[in-house]
Every structure is written in structure tokens, then in C-alpha cells.
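What follows is a single structure, written as C-alpha cells, with notes after it.
Atom set for the values below is all heavy atoms of this structure, side chains included, hydrogens, waters and symmetry mates excluded. Bear in mind the structure is a predicted one, so any value in this text is a computation, not a measurement.
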Amino acid sequence: MFFIEEGIILKKKVINFLKKTRKNIAKYFSTNRLFITFIIFAMIETVLLRNFTIGNPFDYKPFICDLALLIIVASFGYFIKPKKQFTYYFVLLFMLTATCVVNSIYYVFYTSFASFSLIAELGLVGEVGDSVIEKIRFIDFMYIFFLIMYYVLHSGLKKGTYYHFVSKVENGKKMFTSTILVGVIVLAFTLVNITGTDASRLVKQWNREYLVQRFGIILYQSNDLVQSLTPKINSLFGYDEAARTFKEFYKNKFETEVYPDNKYTDVFKDMNVIFIHMESIQNYLVDMKINGTEITPTINKLSKEGMYFDNFYAQVSVGTSSDTEYTLNTSMLPALSGTVFVSYSDRHFNSIPNILSDMGYYTFSSHGNAASMWNRKIMHPALGYQEMIFKDYFDVNDENSVGLGISDVDFFKQLQPKLEEIETNHEKYMGTLIQLSNHSPYADTDVNPELYDYFGKLDLTNTYNKVKNNGETEIVTDDYLQDTKLGNYLITAHYGDMALGTFFDYVNNSEYFENTVFVLYGDHDARIDKSEYQFLKNYDLKTGEEYRSNDSKYVEYDNVDHELNKKVPLIIWTKNEEVRKKINVVNHNVMGMYDIMPTIGNMMGFENKFALGHDIYDIGEDNIVIFPSGNFITNKIYYNNTSGNSRILPQKDKNGNIINVDIGEDYINKMKAYAEERLTISNDIIVHDLIYKEGNNIVSSESEEEVNNG
């Protein structure tokens, strides 16, 4: 009997507890509608953003981190009177909505997430706006729906008695304490699961996609805001540690990286040099034919006559073309936050134009666009260019203007008298010519219907014999690349190559340039979606069919294939036949943009002791190309810093046969450490201006040691 009575009492307690809990929950939901709805709408937005960018929308790690931070930030609303809480939450939701819209658009264009520093710089890169607008989708603005719905909710509550009732029952301080405690507990779950690698990536902001995938958009964007303030305040902090690391790194580098002269040392001694910046030209275009027509006949010809590097990669971050200019000229890597051309243009640069200027060279740069684009007006003089020949120099009109500025054909044509003047008036010179016409959005007829006629016709159709159901054969013409980004890109790339052809025809027929070497390089990939290459690889020219994944003939084109496909051409060429015979070779070793300066420097007789790249003829098959994301590639592997996965690359023996090579973890870890150290050193150099402030001391110490040891 006793146990029965105890059971009844316990049952009543449980029932009362459940009733009380249900009542408290109901009360909480009825008196915290603004807070709860804000959290729900905000979380939906973060999930949708991940879904339409990196995928994995319901991955618990970023979900929990976003939720924790939203709860913590929203908890401060309880310090505000209920009638005014809406303004606080609405502003927060507006900020998140704007963040989602911007990042949704930005990700489609850059396959990365936006940075505050880049948003602040849009006024300097506004000329590329059409490239972004062209990719905007309806789903990029769906987030605004939740902002509207939140306002509708507020209007409904305002008409009723909600705010009046909550004002009487809400204890703001108590609600803040309990809410922020919940947020901290949820956040603690994220923090205790952070690995050392996660923390390193968060601090260094190397890989934006990984950070959003691991920590969510809110922590990423908050962290990015802090990182974006680095150019303004970071020089005040961490200098001593950065300077110490810098000195140790280069002391070791000077002692261990000592190379003898190689077969190309001084091959271009006292020659002029002109760099040609080939906008968005990728290496797969070389020797590519469609319907028997070469896409890049000029580049093909130059690659066979000069020194051609067919395994060469740009190393760009969000600064794209400007990152390439910086990396090529300094043998450093792009900044980890913002862009060097905009955020750090007041630094001192150990660059090719500056070094050659000190050697008596006249230096100049030329581009068909405004000097304000990518802040070149400030940055080019800082790099050491003595003259800038930009848009104001050229006669630009409606007939010769295309895309972002003057057409490449007219650019090279109008530049000819200026080049002859420079050659006549200066014993030695160095210049950079930047092409423009192959800039995205390419020959898109939706943007400019006249572009196809301007660029000239390029037959991208496929004609094949199709067997009908009755057994008869008919000839079918399939315009399989029409209205695709890839097809449009091939058209403008073909035009850009044709413009190069007119220029080199002029060079070959001119009495000038006998003592000039030309260095041609693709500045970065064309940023074409992986799906378009997947289609091209699985399109059967014989039948007009596209192979599907369940077909035995289907060719997989995954993310690593896409990254490896981003290589760009590098060609060194001269009309001087005697010199050209000495350099006529194809180099298959992996090489990066930061290797150009030391390679050309050895050939021309100058040195940058602080170069992070190498003379490819010194380091050879042991070279490594580091990307700002932390990814890297060697002749043996491609390593993805986001996933931690690597792919062993095909190796060939002396006879050209594919062989299997075992790459151990020790090799990968060694390369990872190598890449991380150089990314850190490179960033410290630009943030703290270390070569200018500390470099002379290191070089002087090295010289003293050589004297003492000699």
C-alpha cells in the first residue's frame, strides 16, 4: 500500500512538472517572439547560403557555431525595452541578410567568400562589375524575403497588445543572463572541438571556403572584419616576433640555398625585356583545335620557337590580376587579407622594375584601362615603373572599344610609336603590357550582342552523321558550345591571340627589338564553372551525345582535375635568332608565378635575395608551387589544404612510360610545413614592410660572414 501511494504521489509530481514546464515553454514562446523568430530566420539564411555555395547545409559544426553566435549577439537585445527591441534585431538581420546576398553573388564569381577589405575596394575595381552582374542569380536575393517577413511580424505585433504585455512581465537582466549563458554553452561545444589546424587557419584566414565550412558564415565574417583591419593596425602589433622569424628564415635560406651558375646564367645580359600579361589565358588552349582551327595559333608558334613552360601556375587570391603582377614582380605571395595593390600600396617593394631601374633601365607599364583599376596609379610607381601608358594615352572610341576598354588589336597598334620612341631614347628598358579584351564576361551576347561580330567568327559547331530510326543517315550540325561561358571564352581567347599575332608580326618586321626578350604569361584562369568542362570532356563529337555518369565512356572531372586545369602558359621568346636557339626548350617541371623573378633574374644578371620562388633551372623537379589558400602542388602531388586530401600525380620514366610512385606522409608533412612557413613569412613581409626595415641588416651580416670566412 505504501508503494502504491508513493507511486501516485510521484506520478502527480511528474504531471505537475510537465504541466509547469509546458506552461513555462508556452510563456517563453509567447513573450519572446522577436528573439525566437530572429534566430529562426537568421539560421535559415545561414543554412541556405551554405547550401547554394559550398553545399553540406546541415553540417552540424557550422550550424552550431552560427547558432551560438546568434544567441550571444541577440541576447543583448534584452537590455533594450521591448518596444525598441525590434530595431535592434532588425538591424542584426539586415546585416546578416546583406552578408548572405553579397557572399552568394561573390561565391559564384570567385568560388570564395567575400572579404570586408575587398568590399571596401569595389570603387577601385568597379570596371569589372559587369563580370559580377552577369552571374547574378535570383536565389542570390532570396534572403531578403526573411527580412520582409520579420518586418511583417513586427507590424502584426505592434497592432496587438504584445509589446504592452511583454513590457510588464519581462525581466531584461534575467533574460540576458540566461540567454547568453545558453549561447556560451553552445559555443563551448564548438571551441572544445577545434583542432590546432583549425585554429591556425582561422587566425591566418588562408582558406575562406574552409572557414565557412568549419565555423559558419558569422564567425568567418567577424574574423574577416578583424583581419581586414590588419593593414591599419597590425603594424603596431607583433612586429618584434615577425622580425625575429624573418631574420631566422633568411639566415637559414642564405646558408642552405646556394646554387652555382647554370646554363642560362646571363643569357639575356644587357637585353631589354617586355612582359606581356595575357588576360585569362589558360594552358589547355595551347595547341587546342576546334574544326581544324587553332584557338591560339600565335601562342602555339611562340611556344615552339622560345622557352615554354607547360606546367606553370598563377598563384592568385582575391586580387586576381593584381596578385599576379605583385607575385611576378616580387617573388612573394599575395596578402592573406585584402590585396597588396590596395591595402599595402604604401610599402616598399624589392621588385623587378625597382631593381632594373637601379641598373639603369627605363621602366614602363601599359594597359588599355584606367590607372585607377586595382589602384595601379599608386602601385605601379611603388613597384618601380617610371612611366604609365594607360587609357588616357590611347584614342578610345565606340568603334575600337570592347569590354572594359580599348580592344587588344588597337592597344598594340597605337602603342607601336611609343615603343619605338622608348627603344630609340633608352639604351635599356623594361616594360609590362597588359591585355584586356579576354577579360570576363567574354563574348557574351546577352551583355553585348555586337561582340561576336567584333571578335570575328569562330566555328564552334560540331557536324556529324546521325542514323535515323529508318536506317537512313542525315548530316547534323550541333552548336554545342553556343551560349556557354566556355564557348564565349574560346571566342575572346582566339581574338586575344589574334591581337598578339598582329603585334608579333610587327615585332618581326620591325627594325627594332633585336635586343629584346619577351616574357608572355597567363595571369590567372578564366573562372569557368567545372560543369562546363565536365560537359566538354563527355561530349561525343561522333554522335553528338553527352555521356552520363553511368556510361562506361564517362570521364570524371572532379575538383582536383579542375584545379590542375587552371595552369597557364609561360613563354620566353626573342626575335634574336642566336639567343633564341639557346633557349628553345620545353620545361615540364611544375613552376609558379613567384619563380619568374629568380628565373629571369639569373638570365638577365640580377638577383633578389629575398625571393620566395626559385630559378627553375636551379631547383628543377624539386620545386613546389604554393597557393594563397594553403594548397600546393609539386611534380609528385597536389595537396588540398581544405580537405587535407592529396592526389599523387602521374610520373614518367626516361622513356615516357607512366610509373607508380609511393608518396609517404613524411613527404606531405614536409611540404605542408614548407608551404605554411612561406605563407607566414610572405605575409609578415608585406604587413610589416620587413625587407625595407630589416633586410639590409641581414644582407650586411651575410656579407660580413663571407668576408670573415674568406
Would you check, one step at a time, whether the test salt bridge (Lys or Arg N to Asp or Glu O under 4.0 Å) holds for E241 with R244?
-> CA-CA 5 Å; E241 176 64 20; R244 182 187 63 78; 2.5 Å; yes
Stepwise, does the side chain to side chain contact (heavy atoms under 4.5 Å, CB included) test hold for V517 with I600?
-> CA-CA 10 Å; V517 58; I600 288 293; 5.9 Å; no
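Within a 6.0 Å radius of NZ in K418, more than 12 heavy atoms belonging to other residues, nucleotides or ligands are found. Around OH of Y692, the count of heavy atoms belonging to other residues, nucleotides or ligands within 6.0 Å does not exceed 12. Around the NZ atom of K413, the shell of radius 6.0 Å holds no more than 12 heavy atoms that belong to other residues, nucleotides or ligands. More than 12 non-hydrogen atoms from other residues, nucleotides or ligands lie less than 6.0 angstrom from NZ of K304. Within 6.0 Å of CD in E621 there are 12 or fewer heavy atoms belonging to other residues, nucleotides or ligands. Heavy atoms from other residues, nucleotides or ligands lying under 6.0 Å from CD of Q416 number more than 12.
Between Y506 and F513, the ring planes are perpendicular. Angles over 60° get that label, and only those under 30° would be called parallel. Ring-plane geometry between Y264 and Y617 is classed as tilted, the angle between the planes lying from 30 to 60 degrees on a 0 to 90 degree scale. Aromatic ring pairs are classed by plane angle as parallel below 30°, tilted from 30° to 60° and perpendicular above 60°; the pair H688 and Y239 is perpendicular. Using a 30° and 60° split on the angle between ring planes, F504 and W573 fall in the perpendicular class, above 60°. Note on ring orientation: taking the six-membered ring where Trp is involved, the planes of Y362 and H426 are parallel (angle under 30°, cut-offs 30° and 60°). Ring geometry for Y639 versus F632: interplanar angle under 30°, hence parallel rather than tilted (30 to 60°).
We find the CD1-NE2 distance between I281 and H524 to be 10.5 Å, quoted to the nearest 0.5 Å.
N623 and N589 share no donor-acceptor pair across their side chains, judged by distance under 3.5 Å alone. In the model, T432 has a side-chain atom that pairs as donor or acceptor with a side-chain atom of Y385 under 3.5 Å.
Each of T492, D523, D497 was checked for a side chain to side chain donor-acceptor pair (under 3.5 Å) with N438, and the lone residue meeting it is T492.
Listed here is the closest heavy atom pair of S331 and N608: CB-ND2, 4.5 Å.
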